[in-house]
Protein chains: 4
Amino acid sequence: MSTVPAFKRLPRAVREQQMLDAAVKVFSRRGFHAASMDEIAEDAGISKPMVYAYLGTKEELFVACLHREGTRMMQAIAGAAAPDLPADDRLWRGLRAFFGFVGAHRDGWAVLYRQARGEQPFARELATMRSRLVEVVAGMLDHALRAEGREIAAVDLEVVAYALVGATESLADWLADHPDADPEKTATRMMNVAWLGAAQLLHGVTWRPPAD
Amino acid sequence: MSTVPAFKRLPRAVREQQMLDAAVKVFSRRGFHAASMDEIAEDAGISKPMVYAYLGTKEELFVACLHREGTRMMQAIAGAAAPDLPADDRLWRGLRAFFGFVGAHRDGWAVLYRQARGEQPFARELATMRSRLVEVVAGMLDHALRAEGREIAAVDLEVVAYALVGATESLADWLADHPDADPEKTATRMMNVAWLGAAQLLHGVTWRPPAD
Amino acid sequence: MSTVPAFKRLPRAVREQQMLDAAVKVFSRRGFHAASMDEIAEDAGISKPMVYAYLGTKEELFVACLHREGTRMMQAIAGAAAPDLPADDRLWRGLRAFFGFVGAHRDGWAVLYRQARGEQPFARELATMRSRLVEVVAGMLDHALRAEGREIAAVDLEVVAYALVGATESLADWLADHPDADPEKTATRMMNVAWLGAAQLLHGVTWRPPAD
Amino acid sequence: MSTVPAFKRLPRAVREQQMLDAAVKVFSRRGFHAASMDEIAEDAGISKPMVYAYLGTKEELFVACLHREGTRMMQAIAGAAAPDLPADDRLWRGLRAFFGFVGAHRDGWAVLYRQARGEQPFARELATMRSRLVEVVAGMLDHALRAEGREIAAVDLEVVAYALVGATESLADWLADHPDADPEKTATRMMNVAWLGAAQLLHGVTWRPPAD
DNA sequence: TATGAATGAGTATTCATTCAT
DNA sequence: GATGAATGAATACTCATTCAT
């Protein structure tokens with residue numbers, strides 16, 4: 001009937017991705033609070049009510065961004081670190097994939113993540129994502145330990161994994177702040193820190209506080 | 001009769017501390033953005049204009065909080081880790097002091113710090129503080145390496161130190177989130193991660209990426 | 001039933017005029033500083049955010065008022081003083097139109113103008129408007145002089161025009177302050193001051209300072 | 001009794017002048033509203049309560065400035081234009097004194113005056129000052145007219161004088177805005193505008209509106 | 001006299017969110 | 001489905017002015 005081209009009536013899924021793209025961009029550039037829904041809508045080339053209709057409130061929108069980017073990152077890691085490889089190999093490939101991803105999305109993932117850490121509303125989402133990472137790392141360590149016939153308390157395992165994840169995040173920050181740095185080299189450095197320490201643990205070497 | 005000063009007209013120095021106390025409390029509870037100057041002033045038992053007169057804008061006030069708390073923390077560490085001790089001892093005492101401090105200010109320092117990481121305006125202040133830490137840690141490592149007759153590129157040193165600091169920050173987060181956790185134990189765990197890895201490096205053991 | 005539009009959701013252009021009407025009114029009544037955006041918005045029958053959305057900050061709003069009213073005035077003058085008339089006729093018609101306009105907007109234009117003279121932020125806008133007037137007047141004088149075979153330095157011309165404009169502004173003030181005064185009579189008086197003096201200049205009569 | 005030098009206990013009159021100096025400076029630089037009592041007090045090297053104690057509220061302070069500077073200006077004029085001189089000589093000397101004064105206080109008198117014109121609270125003070133000027137000018141004109149055996153309606157006289165004063169103020173503005181301009185030359189120009197026109201009037205030449 | 005300490009009251013500006021069309 | 005129009009509610013920041021010492 002109409003000769004008007006159906007140029008704007010894109011399917012919902014496409015529109016949502018456009019919005020998320022814009023949102024990730026703006027949230028990264030401005031930070032969660034300084035970002036305005038106006039700017040996001042404008043950047044997405046869409047009107048504000050549409051954003052609300054599709055992706056909900058500002059907080060929900062941010063969570064959606066976090067979710068999409070986090071999932072992509074986890075997929076990148078999972079795709080690289082196949083579970084049937086030996087532990088050190090898995091760790092290395094995982095780290096390489098992680099830093100590669102962060103390096104390729106310097107103004108996306110790392111910045112969003114940094115934003116989220118400070119705000120209570122995102123604690124839950126963040127905790128979920130971080131636990132997934134911690135789980136993976138702890139799993140690797142545990143697997144390797146058992147292969148050596150050793151065991152370690154779950155809490156300790158978690159804490160150590162937490163520390164490793166923290167170190168990694170910190171280097172991710174460093175990478176995001178140094179645009180010319182090489183992700184692969186960064187991964188190597190992290191591997192040195194992580195694996196050498198872990199290897200010691202694996203072989204039963206532990207440090208104990210002096211009697212004092 | 002009483003030597004307690006009258007309730008009002010306190011000298012500036014006193015009022016400033018009261019304000020900072022209130023600000024740390026409110027910023028921690030609400031987060032930087034959600035915190036209102038009104039609430040801070042009220043909590044300090046003073047009117048808003050005084051806050052502005054003494055400590056400046058909201059951002060400046062936050063930086064002042066960060067500064068005071070950061071300085072206190074650094075002093076706690078410096079007081080514990082005398083520079084004439086052997087490296088591992090210094091590291092251990094420093095870590096113990098750090099986690100002790102964080103544990104004792106679970107709703108102050110750690111939360112402020114977490115807030116600051118997400119917001120650009122505080123990047124500079126934070127970077128300064130972190131560099132001081134990184135410098136200290138890197139100094140310890142370098143000192144120990146030279147004692148072993150080894151050397152390491154400055155960049156590598158910095159990155160490793162960065163990772164260690166990151167791991168430590170991460171555990172500090174963990175500690176702040178686990179009210180029942182024991183700071184000393186956390187320090188021990190961190191020491192295990194850090195020192196075992198570092199010790200390897202000190203002895204010339206390094207990990208290298210596989211040929212792929 | 002009715003073609004009168006519903007009371008709300010008016011198109012932007014309409015609302016902008018309503019806002020400007022209200023702003024002119026309030027700025028005139030209260031003065032720039034004492035005027036509050038709240039009152040302007042309320043007087044326009046709209047919420048404050050709309051004022052900001054359409055017309056910007058308070059200063060920009062004031063400039064917009066100045067601009068609209070100034071343009072209207074210039075149009076009134078231009079419409080009356082056709083460029084093909086003889087100089088004295090043009091001047092007379094221009095003055096009559098000007099004082100007529102001021103008299104008809106005693107509580108609008110003249111007051112705004114008076115406000116603007118005192119505040120630096122409006123200096124540029126004002127200077128622009130005054131230069132346009134000065135230019136017109138200087139143009140008339142110059143035209144008449146050349147017709148008489150005379151010439152006069154550009155600076156002198158500008159200064160004399162400036163003085164005439166100043167005298168006119170001053171009488172406009174006087175008119176605005178005397179609600180019962182007759183604009184036409186005021187124009188006649190101004191014409192006497194201006195034209196008689198100018199006529200002398202046109203005929204080569206000049207005054208020179210005594211030897212002292 | 002005390003060996004403390006009586007350095008700060010200046011007599012009241014001196015202190016008041018210091019304050020007025022500072023106030024004139026700050027009001028001129030910032031404008032009435034943007035000027036803060038804090039800055040004025042600081043610039044005067046005195047504490048705020050003293051300013052209030054000596055010179056009253058901000059408005060009263062501004063009026064005091066206006067008053068002092070206005071009086072000084074009137075004195076400068078009166079000292080130059082002795083009442084026993086012929087009218088044109090008086091006018092010329094008066095104008096020369098006026099522009100000389102304005103030129104010598106480019107950031108004082110003229111700016112204060114400009115400020116005051118926009119604000120209702122100063123209307124009374126301003127009106128008083130302007131009438132004194134108008135009176136002087138009108139007196140000159142009237143005197144001269146009577147010497148020629150002519151008369152003119154009081155209103156007309158007032159209005160013409162008003163126009164001349166306005167032209168003069170306008171040139172004073174121009175002078176204040178052109179730091180390199182020569183006051184004496186400006187006075188000459190004003191004299192040309194004013195006197196030539198006035199001379200016509202004095203000789204009975206008047207302009208009348210065309211039948212239209 | 002002189003001042004540091006203190007505040008009540010006010011204002012511009014912003015933004016997430018939702019109608020009405 | 002899509003949007004321009006509209007707003008409630010909140011907040012940082014300022015300033016003239018006055019006590020208490």
5′-ward residue of the pair C:Ser47/A:Ile46 relative to DNA chain F: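 Result: A:Ile46.
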Under 4.0 Å: is that the gap between some side-chain N or O of [X] and OP1 or OP2 of [N]?
| X | N | answer |
| --- | --- | --- |
| B:Tyr52 | E:dT7 | no |
| A:Arg15 | F:dA2 | yes |
| D:Tyr54 | E:dA2 | yes |

Surrounding CD of C:Glu42 (heavy atoms of other residues, nucleotides or ligands, distance under 6.0 Å), is the total greater than 12?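 Result for CD/C:Glu42: open.
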Could you tell me the separation between the [atom1] atom of [X] and the [atom2] atom of [N], rounded to a whole number of Å?
| X | N | atom1 | atom2 | result |
| --- | --- | --- | --- | --- |
| A:His33 | E:dC15 | NE2 | P | 12 Å |
| C:Glu42 | F:dA6 | CD | P | 17 Å |
| C:Asp38 | E:dT13 | CG | P | 12 Å |
| C:Leu61 | E:dT11 | CG | C1' | 15 Å |
| C:Met19 | F:dA5 | CE | C1' | 10 Å |
| B:Glu39 | F:dA10 | CD | P | 14 Å |
| B:Met50 | E:dA6 | CE | C1' | 6 Å |
| C:Phe62 | E:dT11 | CZ | P | 18 Å |

Tell me what [X] touches on the nucleic acid: a base, only sugar-phosphate, or nothing, going by heavy atoms under 4.0 Å.
| X | result |
| --- | --- |
| B:Met37 | sugar-phosphate |
| C:Ala34 | nothing |
| B:Ala41 | nothing |

Does the [X] side chain pair with the main chain of [Y], one donor and one acceptor, at a distance under 3.5 Å?
| X | Y | value |
| --- | --- | --- |
| A:Glu60 | A:Thr57 | yes |
| C:Gln115 | C:His33 | no |
| B:Lys58 | B:Phe32 | yes |

So which one's nearest nucleotide on DNA chain E is more toward 5', B:Ala13 or C:Phe32? B:Ala13
Once hydrogens and angles are ignored, does a donor-acceptor distance under 3.5 Å link the base of E:dT3 to the side chain of D:Lys48?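 No.
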I want to verify a distance call: between [options], whose nearest atom is closest to the [X] side chain?
| X | options | value |
| --- | --- | --- |
| C:Thr57 | E:dT13, F:dA6, E:dA6 | E:dT13 |
| B:Lys58 | F:dC13, E:dT13, F:dA6 | F:dC13 |
| D:Pro49 | F:dA12, E:dG4, F:dA2 | E:dG4 |

Step by step, work out the side chain to side chain contact (heavy atoms under 4.5 Å, CB included) result for C:Arg15 and C:Met19. CA-CA 6 Å; C:Arg15 276 275 132 95; C:Met19 291 176 192; 4.3 Å; yes
Let's go through C:Met37 and C:Val26 carefully: what are the C-alpha distance in whole Å and the side-chain angles of both, what is the deciding distance for side chain to side chain contact (heavy atoms under 4.5 Å, CB included) to 0.1 Å, and is it a yes or a no? CA-CA 9 Å; C:Met37 294 299 270; C:Val26 176; over 6 Å; no
Determine which nucleotide pairs with F:dA20, using a 3.5 Å limit on both distances of a Watson-Crick or G-U wobble pair. E:dT3
